[in-house]
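Quick notes on the structure that follows.
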Amino acid sequence: MKIQKFGGTSVGSAQRIKEVVKLISKNDSSIVVLSAMAGTTNALIEIADYFARGNRESAAAMIGKLYTKYMAHIDELYSTEKMKEQTRAFITDKIFNVLLSYKKSDFTPQMAKEIVSLGEIMSTNMVANYCNEQGLHAVLLNAFDFMRIDQNQEPDINHLRQNLLPLLEKNANTKLFITQGFICLNHENKVDNLQRGGSDYTASLIGAAIKADVIEIWTDIDGMHNNDPRYVEGTQPVHHLHFEEAAELAYFGAKILHPTCVLPAKAAGIPVKVLNTMEPEAEGTLIDNIFDPGQIKAIAAKDNITTVKIVSTRMLLQTGFLRKVFEIFETYHTPIDVVTTSEVGISMSIDKIDQLANIVNELKQYGTVVVDQDMCIICVVGDLRSKNIGFESAITNALRDIPIRMISFGGSEHNISFLISLKDKKAALKALSQELFN
Ligand code: ADP
Ligand code: ASP
Ligand code: MG
C-alpha cells in the first residue's frame with residue numbers, strides 16, 4: 001500500500017483536483033492524504049481572527065466570499081447535477097452554516113482550531129465525491145477517528161495504529177482511501193492540528209503506522225531543490241537524499257516538507273518521494289537510508305530565530321554549568337536549536353520566544369546575558385564527514401562578506417549551521433549556491 005499526499009496548490013482548483021485524481025494510483029492500494037485547497041487555511045485563520053476580535057461583520061463578509069468560491073469550484077468540478085447537489089448540501093450545511101454559527105457564541109481559542117480544521121474536511125469530501133463520480137470507489141476516512149496528539153503535542157502512534165488498522169480491515173475490498181492531513185484530536189478529544197504544513201506529517205505518520213511501501217509527497221515543484229527557490233534563482237532538484245539530510249533540511253526551513261515529517265518515515269525505514277503534480281513525469285526527490293558520499297546536497301534557512309548568549313567567568317573550570325543553563329530552557333519548554341560554547345560563555349538559538357523574558361531573568365543569576373532577535377539559521381547539508389576536507393572552507397569562503405554570529409559543526413556529519421542576521425539571509429543563500437553548486 002502507498003501513501004499519496006497532495007498539498008494545497010495540488011488541489012487548489014477544480015482543474016487541479018481533476019489532474020490529481022488522474023495521479024491516484026490505479027494499481028496499488030493507496031491512502032490519499034489531502035491538504036485544504038490553497039488559500040483556504042489562511043482564509044479560515046483570518047475568519048477566526050475576526051471572530052476573536054469581535055469583528056463579526058468582517059468575519060461574515062469573509063465567509064461569504066469563501067462560500068462563493070466553493071460554490072464555483074463545485075460547479076466546475078462535477079459533471080452530474082446529482083453530485084453537485086450532494087456536495088453543495090454538505091459544504092453549505094456542515095461547513096458554512098457551522099462557520100456562521102460562531103457569530104452567536106463567545107469566541108474561544110478552541111473555536112479557532114475547529115474553524116481551521118474545516119479546510120481539510122471540505123477538500124477531502126470534494127475529492128472523494130469526485131472520485132466516486134468518476135467510478136473510482138473511494139472510502140473517506142475521518143482523521144479524527146485515528147489521529148491524536150498527547151499532552152506534549154506529540155502524535156500518539158499507538159492510538160493511530162490501533163484505530164486506523166481496523167478501519168482498513170473493515171474495508172478490505174477497497175483500494176482507495178482518502179483522509180484529511182493536518183487535523184487531529186488532542187488528549188482531551190478536542191479538535192486540534194499538527195501545525196501549519198502538517199499534512200506532510202500526517203502522511204508520514206500514517207505511512208509508518210501501516211508500514212506503507214512508499215510515502216509520496218505531491219506538491220507544486222519537482223522535488224526538494226538544492227536551495228530555497230523563493231530566494232535564489234536557478235535552484236536544481238536534488239534527486240536523492242538520505243533521511244538524515246532531508247530531516248535536517250526540513251527542520252532548518254525547507255518549506256517543502258513539514259519540519260518533522262521525515263522522522264516517522266525514517267524510523268520505519270519507508271522511502272519518501274517528493275513529486276510534482278504539475279509535472280508528474282519529473283524524477284523528483286527520493287529520500288531513503290542510502291547515503292551518497294562526498295556530496296554537498298542542499299542549503300536551507302530558518303527564520304525568526306533569536307540568539308541568547310550568556311557570558312560568565314564562573315563557567316571557567318566548572319562542572320555542571322551547561323546543565324544549569326539548559327535546565328532553565330527546559331523549565332520554560334523552550335527547545336534550543338544551535339549551541340556553541342567557549343570557556344567563558346554559551347550561545348544558543350531558539351525560535352520560540354514566548355518565555356524569553358523569564359529565561360533571561362533566570363540566566364542573569366549566572367552571568368551577563370545578550371539577546372539578538374531577527375536572526376536566521378543557514379544550514380548546509382551533505383557529506384561533511386571529517387575525512388572530506390575542503391567543504392567547510394568553501395562554505396565559510398562563500399560567507400566571507402557576511403557577519404556571522406555563530407557557527408555549529410560536528411553535531412552531525414551532515415550539517416553545518418550558521419547564525420546570521422535575517423537581513424543577510426538572501427545574500428548568504430545566493431553566495432552559497434554560487435560557491436557550492438556553480
Ligand atoms: P504544499 O502545499 O504542496 O504542501 P508547500 O508550499 O508547503 O507545498 O511547499 C512547496 C514550496 O516550498 C515550493 O513551492 C517552494 O516555494 C518552497 N520551498 C522552500 N524550500 C524549498 C526547497 N529546498 N525545495 C523545493 N521547494 C522549496
Ligand atoms: N492546510 C494546512 C496549512 O495550510 C496544512 C497543510 O497544508 O499541510 O498549513
Ligand atoms: Mg506544505
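The figures that follow rest on heavy atoms only: side chains count, while hydrogens, waters and symmetry mates do not. Order of appearance sets the numbers: ligands from 1, and atoms from 1 within every ligand. Keep in mind that what you see is a predicted model, and the values were worked out from it rather than measured.
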Query - ligand 1 to Ala254 polar contact by distance, N or O atoms, under 3.5 Å - result: no

Query raised in the report: Quick one: does Glu120 get within less than 4.0 Å of ligand 2, heavy atoms only?
Result: yes

**Report entry** Residue-ligand contact Gly197/ligand 2, heavy atom below 4.0 Å
**Finding:** yes

Query raised in the report: Any nitrogen or oxygen of Asp200, main chain or side chain, under 3.5 Å from a nitrogen or oxygen of ligand 1?
Result: no

Report task. Keeping the roles fixed (side chain from Asn171, backbone from Thr174), state whether a donor-acceptor pair exists under 3.5 Å. Result -> no

Query raised in the report: Cut-off 3.5 Å, side chains only: do His240 and Asp288 have a donor facing an acceptor?
Result: yes

Query raised in the report: What about Ser10: any of its N or O atoms under 3.5 Å from an N or O on ligand 1?
Result: no

Requested in this report: Rounded to the nearest 0.5 Å, what's the gap from CE on Met37 to OG on Ser123? Could you check?
Outcome: 8.0 Å

Query raised in the report: Which word best sums up how the rings of Phe107 and Tyr102 line up, parallel for under 30°, tilted for 30 to 60°, or perpendicular for over 60°?
Result: perpendicular

Report summary line: In this structure, atom 23 (N) of ligand 1 is nearest to the protein heavy atom His225 O, 3.2 Å

Report summary line: among protein heavy atoms, the one nearest atom 1 (P) of ligand 1 is Thr219 OG1, 3.6 Å

Report task. Go through the side-chain N and O atoms of Tyr67 and Thr92 and say whether any donor and acceptor fall under 3.5 Å apart. Result -> yes

Query raised in the report: Is it true that Gly198 lies under 4.0 Å from ligand 2, counting heavy atoms only?
Result: yes

Query raised in the report: Counting only N and O atoms by type, is there a donor-acceptor contact under 3.5 Å from the side chain of Thr124 to the main-chain atoms of Thr179?
Result: no

Query raised in the report: Which of the listed options, Val232, Asp220, Leu249, Ile217, holds the heavy atom that is closest to atom 13 (C) of ligand 1?
Result: Asp220

Query raised in the report: Which atoms from ligand 1 have a heavy atom of Arg230 less than 4.0 Å away?
Result: 16 (O), 19 (C)

Query - Enumerated ligand 1 atoms positioned under 4.0 Å from heavy atoms of Met224 - result: 23 (N), 24 (N)

Query - Closest to atom 8 (O) of ligand 2 (judged by heavy-atom distance), picking from Ala203, Ala36, Gly119, Ser199 - result: Ser199

Query raised in the report: Does Lys430 count as lying over the ring of Tyr231, i.e. NZ or CZ under 6.0 Å from the six-ring centre, within 45 degrees of the axis?
Result: no

Report summary line: Which of Asp337, Ile299, Ile416, Asn415 passes side chain to side chain contact (heavy atoms under 4.5 Å, CB included) with Cys379? It is Asn415

Requested in this report: Taking the side chain as every heavy atom from C-beta outward, state whether Ile45 and Arg196 have any pair of such atoms under 4.5 Å apart.
Outcome: yes

Query - atom 2 (O) of ligand 1 [closest protein heavy-atom partner, distance rounded to 0.1 Å] - result: Gly8 N, 3.1 Å

Query raised in the report: Does at least one non-hydrogen atom of Ala300 fall below 4.0 angstrom from an atom of ligand 1?
Result: no

Requested in this report: Could you tell me the residue and atom name of the protein heavy atom closest to atom 4 (O) of ligand 1, and the distance to it rounded to 0.1 Å?
Outcome: Lys5 NZ, 3.1 Å

Query - Test of proximity, Thr41 against ligand 2: N or O pairs below 3.5 Å - result: yes

Report task. Considering the heavy atoms of Asn227, write down every atom of ligand 1 situated less than 4.0 Å from one of them. Result -> 22 (C), 23 (N)

Query - Heavy-atom nearest option to atom 15 (C) of ligand 1, drawn from Gly223, Pro229, Ala250 - result: Pro229

Requested in this report: Could you tell me how the ring of His242 sits relative to the ring of His414: parallel (under 30°), tilted (30 to 60°) or perpendicular (over 60°)?
Outcome: parallel

Query raised in the report: Which of the atoms in ligand 2, numbered in the order shown and given with their element, are less than 4.0 Å from a heavy-atom of Arg196?
Result: 3 (C), 4 (O), 9 (O)

Report summary line: shortest atom 5 (P) of ligand 1-to-protein heavy-atom contact is with Lys255 NZ, 3.7 Å

**Report entry** Spacing of Leu99 atom CG and Met62 atom CE [to the nearest 0.5 Å]
**Finding:** 11.0 Å

Report task. Would you check the N or O atoms of Ser35, main chain and side chain alike, for any that come under 3.5 Å of an N or O of ligand 2? Result -> yes

Report summary line: Tightest non-hydrogen contact, residues Arg230 and Asp228, listed as NH2-OD2, 2.7 Å

Query raised in the report: Which is closest to atom 9 (O) of ligand 1 by heavy-atom distance: Ile256, Thr277, Ile221, Val274?
Result: Ile256

Requested in this report: With rounding to the nearest 0.5 Å, note down the distance linking CG in Leu185 to CG in Asn142.
Outcome: 8.0 Å

